[in-house]
Amino acid sequence: MMSQDPSLSVSDPKVLLAALLRQALMAVVPQYAHLPLTLERPKAASHGDWASNIALQFARQIKRNPRELAQELVREITPHPWVAKVEVAGPGFINFTLAPAAKNAVVPQVLARGVRYGAGESTGRRILVEFVSANPTGPLHVGHGRGAAYGAALSDVLAFAGHTVEREYYVNDAGRQMDILALSTWLRYLERFGIRVPFPSNAYQGRYVIDMAATIAERHGDRFARVRAEDVLAGTPGEPDPERTDPQAVEQRERHLDQLIANAKCLLGEDYAWIHEFALAEQLGDCRDDLAEFGVRFDRWFSEKSLYDTGMVERAVETLKQRGYLYEQDGAWWFRSTDFGDDKDRVVRRENGSYTYFASDIAYHWNKYERGYDLMIDIWGADHHGYIPRVRAAIQALGLDPEKFEVALVQFAVLYRNGEKVSMSTRAGEFVTLRQLRAEVGNDACRFFYVLRKCDQHLDFDLDLAKKQSNENPVYYVQYAHARICSVLREWGGAMEDLREADASLLTSEPALALCVRLQAFPEVVQAAAAERAPHHIAFYLKDLAADFHAWYNVERILVEEEPLRLARLALAAAVKTVLATGLGLLGVSAPESM
RNA sequence: GCGCCCGUAGCUCAGGGGAUAGAGCGUUGGCCUCCGAAGCCAAAGGUCGCAGGUUCGAUUCCUGCCGGGCGCGCCA
C-alpha cells in the first residue's frame, strides 16, 4: 500500500503527505504509528494547503503535550521537493504548504486521463438504484422530476466513483390505482357516446384521460360503449355531498368507485383488460419518453404484475407465514413488523383475499436480494418515510441482510414564480407536470436546479431564476466557463495532443495554482458525493471550479506570445474544460461549446 | 399525540468536533484599445432558533424546548 520511499512515484500531494506523516509517526511514537491519519484542507490560506490535527487528537492517549508532539513530528518529516513548508500552528496543528510543482502537476494528469479523470477504481460492488417508480396513472409532476434528477445523478456519480450500477423503475401495474385509471378512461370514453355516468371525484380528473378516451374512440368506435348508464351505476352507493370530508363520506366515495370498477369488469369482460392495458401502455410510454427527454434512463422497468404472475408474492407471504411472522385477524393476514421495531403490524393479505401493495413490495425486495446486489438504494418521496420500518422489517423477517438496503428520501420541490408559490393540487388535477417545467426552463436548468440541494432539504425552485440566461443563473455560470474555454481553444486552433507535452511547471501565479488545487480536489469530491449519496457536492464543486477559472482568466491572458507559456496555460484551460464537462455530464447537464 | 426532515447573512442555501463560519442572489462602488463583461475585483451584511450537557475545543455530537414542512389506511 504505502510506498517505502514516498519521494518516488507519487502523483497526489495528499498521498505524499500522508506517507510523510506516517513515517514521522513511526519515528516518534512507533507504538501509535497505526493511528488513522487525518489530513484536511484548511479554510484559511495562511494555514497552508493541508493540515493535520493528529497531534491534537492523540496527545492525550499518547500522554504528550500536543504542540511538543507536533514539533517533534515536524522535525522527523523528510524534506521533499513538493513540500515548501511544514509548521506547527495554533494549539498543535501541523500545516503543510505545497510547492507550486505539487499543484500544477495535476494538469498533465487531467489531460492524460481525459474524461476518466476523477473516476474511481472499480470496486466490484454491484449497486441497484431504484427511483421515480411513479404510478403510471398520469403524467410525471415536478416532484417526480426531483426524484428522477436525483436518482440519475446519484447513479452516475456512484458509477463514476467505481461501482457497478443498475438503474431500475418499479412499475405499479397491478394495483387498484391502475383499475381507477382504466375506469376513468372508460367513463370519459362513454361520455363521448352520450352515456352519462357522473364522473367520480376520486377518479383521475386530468385532461390526459379525456385524450386517451378520444384515441380509443377513434380506433375502435363504440365497441366499448354498448352499455347503459344504469348498468354502470348498478349497486353503487352514490357519491356523498362533495363538501363532506368526514370518514364516512370518504369511505362511501371509495366504495362507490370500487363498485364502478367491479361493474366495468363485469360489463366489459375481456375488453376491460384491453382498456386497462391500453391506459397502462399509454401512460408508461409517456412517462418513459418524458424521462428519456430529461436524460434519465433505466436499465430495467420492473413490473409489479410480474411478481404476481410468477407467484413471487404468494411465495413471499407463505415464507413469512412459515417463519411464524404472520397471524390472522379480522379475516386478514398481518405481518408482525412490530417484532422489528415498526409502530404497528401491517396487513399483507386483505379480508377479501387480495394482497396489499406492501405484500408485492416484500416480494419485490426479496427479488432484488435474490439478484445478488451488494447494495440496494431506494429513492422515495419524503411522504413515504413511514414505510421504511415495515420494509426493513420484512427484509429481516426473510433472513436477509438489512445493511444492504438503503432508502434516500427526497423532500418536496416547491415552485416559485414572481416570488410566489405556485399552487398545486393533485385532487383537482392542477399540478405542474415535469414536461411543463422542462418546456419552461429547459432540461439543463431543471437538472441542475433539482440537484442543487441535498435530497433531504426542501427545494425552492425559482422558475424566474432558472429561466434567466444571465450570471444570476448558476447553470449558465458553469456552462459559460466551458463555452469560454472552447472559444479560446478555437481561437488558438491547435491540437489537444500538443497540450499533453506542455510544461505545466510554468504555471506559478496564485490564481493559476488555486485553479490547479481545485482540479486536484475533483476525485475527492466524486468520492464524497458517492459515499454521502450527495450529488449536490458535484454541483457546488462545478460552481467553485468555474469561479476559479473566471478569476484566473481575468488576470492572465492565455494566448500569449511565448510558445511554452501559451501551451502551459492552454493546457490548464483544457484541463478545466475536461473536468467541467465530466462534472456537468454526471448531473445530466450539457456542456455547450458555445452559447 | 407519535415518527422523519429542516431552523446558518435581507433572500435561497453550502459546510461541519478545531484555528478569522462560506457561496450565489440582492445592495453599494470599481474593471472591456486586450482570448466571450453570460465575466472579474472590492465593500457591507451573522448571538449558526433557544437552553442545558459531553469535550482541551461545539455552529457541528447528545437531551429538552420553540418554530416550519411532511407523514402516521385491509391507498399505492
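Model, not experiment: these values are computed from the prediction. Just so we're on the same page: letters track the sequence lines, and every chain starts at 1. Because only heavy atoms are used, hydrogens play no part in the values below, and waters and symmetry mates are left out as well, while side chains stay in.
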Under 4.0 angstrom, heavy atoms only, what part of the nucleic acid is A551(A) near: base, sugar-phosphate, or nothing? sugar-phosphate
Check the phosphate of U20(B) against K43(A), side-chain N and O only, distance under 4.0 Å to OP1 or OP2. Yes or no? no
Within the structure, does a side-chain N or O atom of K543(A) lie under 4.0 Å from either OP1 or OP2 of U12(B)? no
Need one value for T137(A): base, sugar-phosphate or nothing, where a base atom within 4.0 Å counts as base even if backbone is also close, heavy atoms only. nothing
In whole angstrom, give me the gap between the P atoms of U54(B) and C62(B). 16 Å
May I ask you to verify if any side-chain N or O of R569(A) is less than 4.0 angstrom from the OP1 or OP2 atom of C35(B)? no
Counting only distance, no hydrogens or angles, is the base of G71(B) paired donor-acceptor with the side chain of H385(A) under 3.5 Å? no
Return whichever of F93(A) or R346(A) has its heavy-atom-nearest nucleotide of RNA chain B closer to the 5' end. F93(A)
Anti/syn call for C65(B), syn if |chi| within 90°: anti
Within the structure shown, what part of the strands sits under 4.0 Å from D330(A) by heavy-atom distance: base, sugar-phosphate, or nothing? base
From CA spacing to verdict: ring-ring contact (aromatic ring centres under 6.0 Å, His included), Y541(A), F522(A): CA-CA 8 Å; Y541(A) 172 81; F522(A) 185 56; 5.3 Å; yes
Between G3(B) and C56(B), how far is it from one P atom to the other, in whole Å? 32 Å
Give the rounded distance in Å between these two atoms: NE2 of H458(A) and C1' of C70(B). 6 Å
Determine the contact category for E40(A): base if any of its heavy atoms lies under 4.0 Å from a base atom, sugar-phosphate if only primed atoms, P, OP1 or OP2 are that close, otherwise nothing. nothing
Give each stem of RNA chain B as a range with a range, requiring at least 3 consecutive Watson-Crick or G-U wobble pairs whose two distances are under 3.5 Å. B:1-7 with B:66-72, B:10-13 with B:22-25, B:27-31 with B:39-43, B:49-53 with B:61-65
Please name the residue in the list V525(A), V478(A), L515(A) that meets the side-chain contact (heavy atoms from CB on, under 4.5 Å) test with L545(A). L515(A)
Determine the contact category for N53(A): base if any of its heavy atoms lies under 4.0 Å from a base atom, sugar-phosphate if only primed atoms, P, OP1 or OP2 are that close, otherwise nothing. base
Check the orientation of Y325(A) and F335(A). Use parallel for under 30°, tilted for 30 to 60°, and perpendicular for over 60°. perpendicular
Considering just the side-chain nitrogens and oxygens of R557(A), establish if one lies under 4.0 Å of OP1 or OP2 belonging to C32(B). no
Could you give the distance separating C6(B) and G24(B) at their P atoms, to the nearest angstrom? 25 Å
Kindly confirm or rule out a cation-pi arrangement of R484(A) over F549(A), judged by NZ or CZ under 6.0 Å from the six-membered ring centre and within 45° of its axis? no
Using 4.0 Å as the upper bound for N to carboxylate O, is an ion pair formed by E130(A) and K368(A)? yes
Please measure how far the C1' atom in G36(B) lies from the corresponding atom in A21(B), and state the result in whole Å. 35 Å
Mind checking if Y387(A) touches a base, just sugar-phosphate, or nothing, with heavy atoms under 4.0 Å? base
Using the benzene-type ring in the case of Trp, are the ring centres of F93(A) and H47(A) under 6.0 Å apart? no
Donor-acceptor pair under 3.5 Å: do we get one between N95(A)'s side chain and the base of A19(B)? yes
Name the nucleic acid region contacted by L56(A), choosing base, sugar-phosphate or nothing; use a 4.0 angstrom heavy-atom cut-off, strictly under. base
For a quick check of understanding: with a heavy-atom distance under 4.0 Å over all strands, which category does A573(A) fall into, base, sugar-phosphate or nothing? nothing
Just call it for A51(A): base, sugar-phosphate, or nothing, with non-hydrogen atoms closer than 4.0 Å on any strand. base
Hey, is the side chain of H536(A) pairing donor to acceptor with the base of A14(B) inside 3.5 Å? no
Kindly indicate whether the side chain of W492(A), heavy atoms from C-beta on, has any atom under 4.5 Å from the side chain of L499(A). yes
Cationic tip of K305(A) within the cone over Y308(A)'s six-membered ring, i.e. under 6.0 Å and within 45° of the normal? no
For Q457(A) and G69(B), is the shortest distance between a side-chain N/O and OP1 or OP2 below 4.0 Å? no
Does the aromatic ring of Y477(A) sit over the six-membered base ring of A38(B), closer than 5.5 Å centre to centre and tilted less than 30°? no
Applying a 4.0 Å non-hydrogen cut-off, can you work out what M595(A) is touching in the nucleic acid: base, sugar-phosphate, or nothing? base
Can you confirm whether more than 12 heavy atoms, excluding those of E314(A), are under 6.0 Å from its CD atom? no
Pick the nucleotide of RNA chain B nearest each of V488(A) and H550(A); which residue has the one closer to the 5' end? V488(A)
When all nucleic acid strands are considered with a 4.0 Å heavy-atom cut-off, which category describes H384(A): base, sugar-phosphate, or nothing? base
